[in-house]
There are 2 protein chains.
Amino acid sequence: MNASEPADPGLLVLAQDFREALRHSIYLVRRLDADGELSAAQLSTLKMLMDSGPATGAGASSAAGVRVGEIARNLGVKVPSATEQIIKLERAGLARREPDPEDSRAVRVRLTQAGRTAVESANERRNAVMAGILASLPDADRAALAAALPVIGRINATLQA
Amino acid sequence: MNASEPADPGLLVLAQDFREALRHSIYLVRRLDADGELSAAQLSTLKMLMDSGPATGAGASSAAGVRVGEIARNLGVKVPSATEQIIKLERAGLARREPDPEDSRAVRVRLTQAGRTAVESANERRNAVMAGILASLPDADRAALAAALPVIGRINATLQA
DNA sequence: GCCTAACTGTTAGGCTACCTAACTATGAAC
DNA sequence: GTTCATAGTTAGGTAGCCTAACAGTTAGGC
């Protein structure tokens with residue numbers, strides 16, 4: 001945990017290689033996001049809204065929507081940045097802001113039906129492109145990747161703490 | 001290769017999971033880059049210069065430095081964006097622009113000694129932080145990660161084509 | 001030789017996404 | 001019923017990317 005210690009050389013090499021891989025992956029992500037329709041930041045925001053509460057709110061009778069602060073925390077940005085994204089989404093008709101009935105300071109953000117549709121189609125498109133790339137790999141590569149994804153998830157989870 | 005085909009469902013799931021992992025990794029990268037000293041873009045540029053030609057140019061008698069277009073291509077950005085970064089690096093005393101003796105249209109960019117020092121220390125710091133995170137993982141996780149890195153490298157290489 | 005076409009890099013202008021600081025409005029505590 | 005904390009917005013600024021327009025250099029065709 002302590003970064004000031006000398007650290008195992010092998011660990012440093014792995015760290016370097018992993019950083020390198022992530023650095024190069026930026027281009028991949030940029031490529032996937034380059035199809036226009038929705039920016040990476042906006043898709044992330046929409047996706048978060050979708051995961052956190054159904055747009056139709058069938059079973060969510062009490063507190064529908066997500067608070068701005070929570071969105072910011074989930075996206076790893078500051079509150080004003082979240083506000084900015086939300087305003088853009090609202091202008092695009094993809095999300096809606098409503099007062100929180102339980103706390104008048106707060107704002108509840110929800111997907112509109114159009115927002116839900118947009119995030120689904122954008123996701124499908126990106127997944128299809130990525131799947132196309134993965135399809136060209138040998139089975140063993142795909143297996144290795146699949147095995148590593150949970151690990152990367154755990155690494156990312158480290159940051160939440 | 002053809003993204004318009006229906007595609008294997010398992011492949012789509014893997015694609016989705018991989019995209020998700022990369023999306024979350026953005027926060028990790030942001031965290032690593034947040035230590036100030038050098039922005040991600042600038043470190044990438046410096047690193048590229050370092051890998052492509054020694055600053056001292058001991059053995060590189062003929063064509064020292066890297067051309068702007070080549071830098072742009074390597075970083076996956078357009079030429080004006082590369083120019084912008086280079087100007088900043090030059091102002092910071094980390095890189096130098098020189099005329100290309102063989103082609104007067106071209107510009108050769110080289111690291112200064114200060115630039116070399118800066119990239120090394122920035123890299124070491126980031127590697128140490130990452131190594132600290134990796135140290136908290138079980139051995140099996142590290143092994144899985146190490147096995148997947150070459151795969152991610154191959155995926156990224158796909159884009160060059 | 002010279003004129004045109006292709007190429008290299010810079011400049012100008014614009015966009016998105018992030019930030020901090022300052023502000024408004026509401027809630028909670030005493 | 002002040003006072004302090006909390007939720008979000010607004011204002012202003014920065015970094016990094018883009019396209020379009022430009023200047024200078026090289027290379028061909030004739």
Side-chain angles (χ1 to χ4, degrees), chain A residues 23 26-48 63 65-92 94-110, chain B residues 23 26-48 63 65-92 94-110:
Chain A
R23 195 165 71 78
I26 288 175
Y27 312 139
L28 209 183
V29 172
R30 274 217 270 266
R31 163 78 61 98
L32 288 178
D33 290 337
D35 60 2
E37 46 169 345
L38 230 47
S39 76
Q42 300 213 335
L43 181 54
S44 284
T45 309
L46 288 176
K47 200 156 188 302
M48 212 236 88
V66 184
R67 291 164 63 136
V68 176
E70 199 180 341
I71 293 174
R73 227 174 310 114
N74 265 288
L75 296 179
V77 301
K78 301 297 179 185
V79 170
S81 304
T83 295
E84 190 180 340
Q85 289 304 326
I86 292 162
I87 288 174
K88 279 183 190 163
L89 292 176
E90 198 170 33
R91 271 206 268 268
L94 303 177
R96 210 167 43 221
R97 277 189 291 185
E98 302 170 354
D100 186 326
E102 293 167 13
D103 184 344
S104 312
R105 295 171 301 181
V107 169
R108 293 276 172 186
V109 182
R110 294 204 297 171
Chain B
R23 196 165 69 78
I26 288 176
Y27 312 139
L28 209 182
V29 172
R30 272 216 271 265
R31 163 79 62 96
L32 288 177
D33 290 336
D35 60 0
E37 47 170 344
L38 229 47
S39 76
Q42 300 211 336
L43 180 54
S44 285
T45 309
L46 288 176
K47 200 157 188 302
M48 211 236 89
V66 184
R67 291 165 63 136
V68 175
E70 198 179 343
I71 293 174
R73 227 174 310 114
N74 265 286
L75 296 179
V77 299
K78 302 296 181 185
V79 170
S81 303
T83 296
E84 190 179 340
Q85 288 304 328
I86 293 161
I87 288 174
K88 279 182 191 165
L89 292 176
E90 196 170 35
R91 270 207 270 267
L94 303 178
R96 212 168 40 222
R97 277 189 290 185
E98 301 171 353
D100 186 327
E102 292 167 12
D103 184 345
S104 313
R105 296 170 300 179
V107 168
R108 293 276 171 186
V109 183
R110 294 204 298 171

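Labels below follow one simple rule: chain letters A, B, ... track the order of the sequence lines, proteins then strands, and each chain is numbered from 1. Below, all heavy atoms of this structure are taken into account, side chains as well, without hydrogens, waters or symmetry copies.
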B/Arg30 and A/Val77: CA distance, side-chain angles, deciding distance, side chain to side chain contact (heavy atoms under 4.5 Å, CB included) verdict: CA-CA 10 Å; B/Arg30 272 216 271 265; A/Val77 301; 3.9 Å; yes
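- Atom CG in A/Leu38 sits about 13 Å away from atom P in C/dT16, given to the nearest Å.
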Side chain to side chain contact (heavy atoms under 4.5 Å, CB included) evaluation trace for A/Gln85 with A/Leu75: CA-CA 11 Å; A/Gln85 289 304 326; A/Leu75 296 179; 5.7 Å; no
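- For B/Ser44, the side chain to side chain donor-acceptor pair (under 3.5 Å) partners at least two apart in sequence or on another chain are A/Arg23.
- A/Val77 comes within contact range of the sugar-phosphate backbone alone, with a heavy-atom separation under 4.0 Å but no base atom that close.
- Taking for each of B/Ala82 and A/Lys78 the nucleotide of DNA chain C with the nearest heavy atom, the 5'-most of the two is the partner of B/Ala82.
- Using a 4.0 Å cut-off, no side-chain N or O of A/Ser104 falls inside it from OP1 or OP2 of C/dA25.
- Per the geometry, CD belonging to B/Glu98 stands 14 Å off P belonging to C/dG9, to the nearest Å.
- Atom-to-atom, CG of B/Leu43 to P of D/dG16 comes out at 11 Å; the value is rounded to the nearest Å.
- Within 4.0 Å (heavy atoms only), B/Asp100 reaches no atom of the nucleic acid at all.
- With C/dC18, C/dT20, D/dT25 as the choices, the nucleotide that has an atom nearest any side-chain atom of B/Asp103 turns out to be D/dT25.
- Residues from residues 84-92 of chain A with heavy atoms under 4.0 angstrom of DNA chain C, sorted by number: A/Glu84, A/Gln85, A/Lys88.
- For the pair B/Gln42 and A/Glu70, both in contact range of DNA chain D, the more 5′-proximal nearest nucleotide belongs to A/Glu70.
- The minimum heavy-atom distance linking A/Arg108 with A/Pro99 is given by the pair CG-O, 4.5 Å.
- Counting to the nearest Å, the C1' atom of D/dC17 and the CZ atom of A/Arg31 are 16 Å from each other.
- For B/Ser81 and D/dG16, the shortest distance from a side-chain N or O to OP1 or OP2 is not below 4.0 Å.
- Rounded to an integer number of Å, the gap from CG of A/Leu46 to P of C/dA17 is 11 Å.
- Applying the 4.0 Å criterion to OP1 and OP2 of D/dA23, one finds that B/Arg105 has every side-chain N and O outside that range.
- The distance between atom CG of B/Asp33 and atom P of C/dA17, rounded to the nearest whole Å, is 19 Å.
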Audit row: A/Asp100, A/Val107, side chain to side chain contact (heavy atoms under 4.5 Å, CB included) steps and yes/no: CA-CA 5 Å; A/Asp100 186 326; A/Val107 169; over 6 Å; no
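- The structure places CG of B/Leu89 at 11.0 Å from CD of B/Glu84, a figure rounded to the nearest 0.5 Å.
- Using a 4.0 Å heavy-atom cutoff across all strands shown, A/Thr83 reaches at least one base atom of the nucleic acid.
- Residue-level contact check: B/Val68 touches the backbone only, with heavy atoms under 4.0 Å from sugar-phosphate atoms and none from bases.
- A distance of 11.0 Å separates CZ of A/Arg67 from CD1 of A/Ile71, quoted to the nearest 0.5 Å.
- Taking atom CZ of A/Arg97 as the reference point, atom C1' of D/dA7 lies 12 Å away to the nearest angstrom.
- Contact check, A/Ser39 against C/dA17: a side-chain N or O comes under 4.0 Å of OP1 or OP2.
- A/Arg110 CZ to A/Glu98 CD: the interatomic distance, rounded to the nearest 0.5 Å, is 4.0 Å.
- Distances shown here put a side-chain N or O of A/Arg30 below 4.0 Å from the OP1 or OP2 atom of D/dC17.
- Here the CG-CG distance, from A/Leu38 to A/Leu94, works out to 6.5 Å after rounding to the nearest 0.5 Å.
- Per the geometry, CZ belonging to B/Arg23 stands 14 Å off P belonging to C/dA17, to the nearest Å.
- For the helix from C/dG1-D/dC30 to C/dC30-D/dG1, the terminal axes (five pairs an end, C1' atoms, rotation from four pairs onto the next four) enclose an angle of 10°, given to 10 degrees.
- Closest of all the heavy-atom pairs between B/Val79 and B/Gly69 is CG2-CA, 4.2 Å.
- Side-chain nitrogen and oxygen atoms of A/Arg67 include none within less than 4.0 Å of the OP1 or OP2 phosphate oxygen of D/dT6.
- At least one donor-acceptor pair closer than 3.5 Å links the side chain of A/Glu90 to the backbone N or O of A/Arg97.
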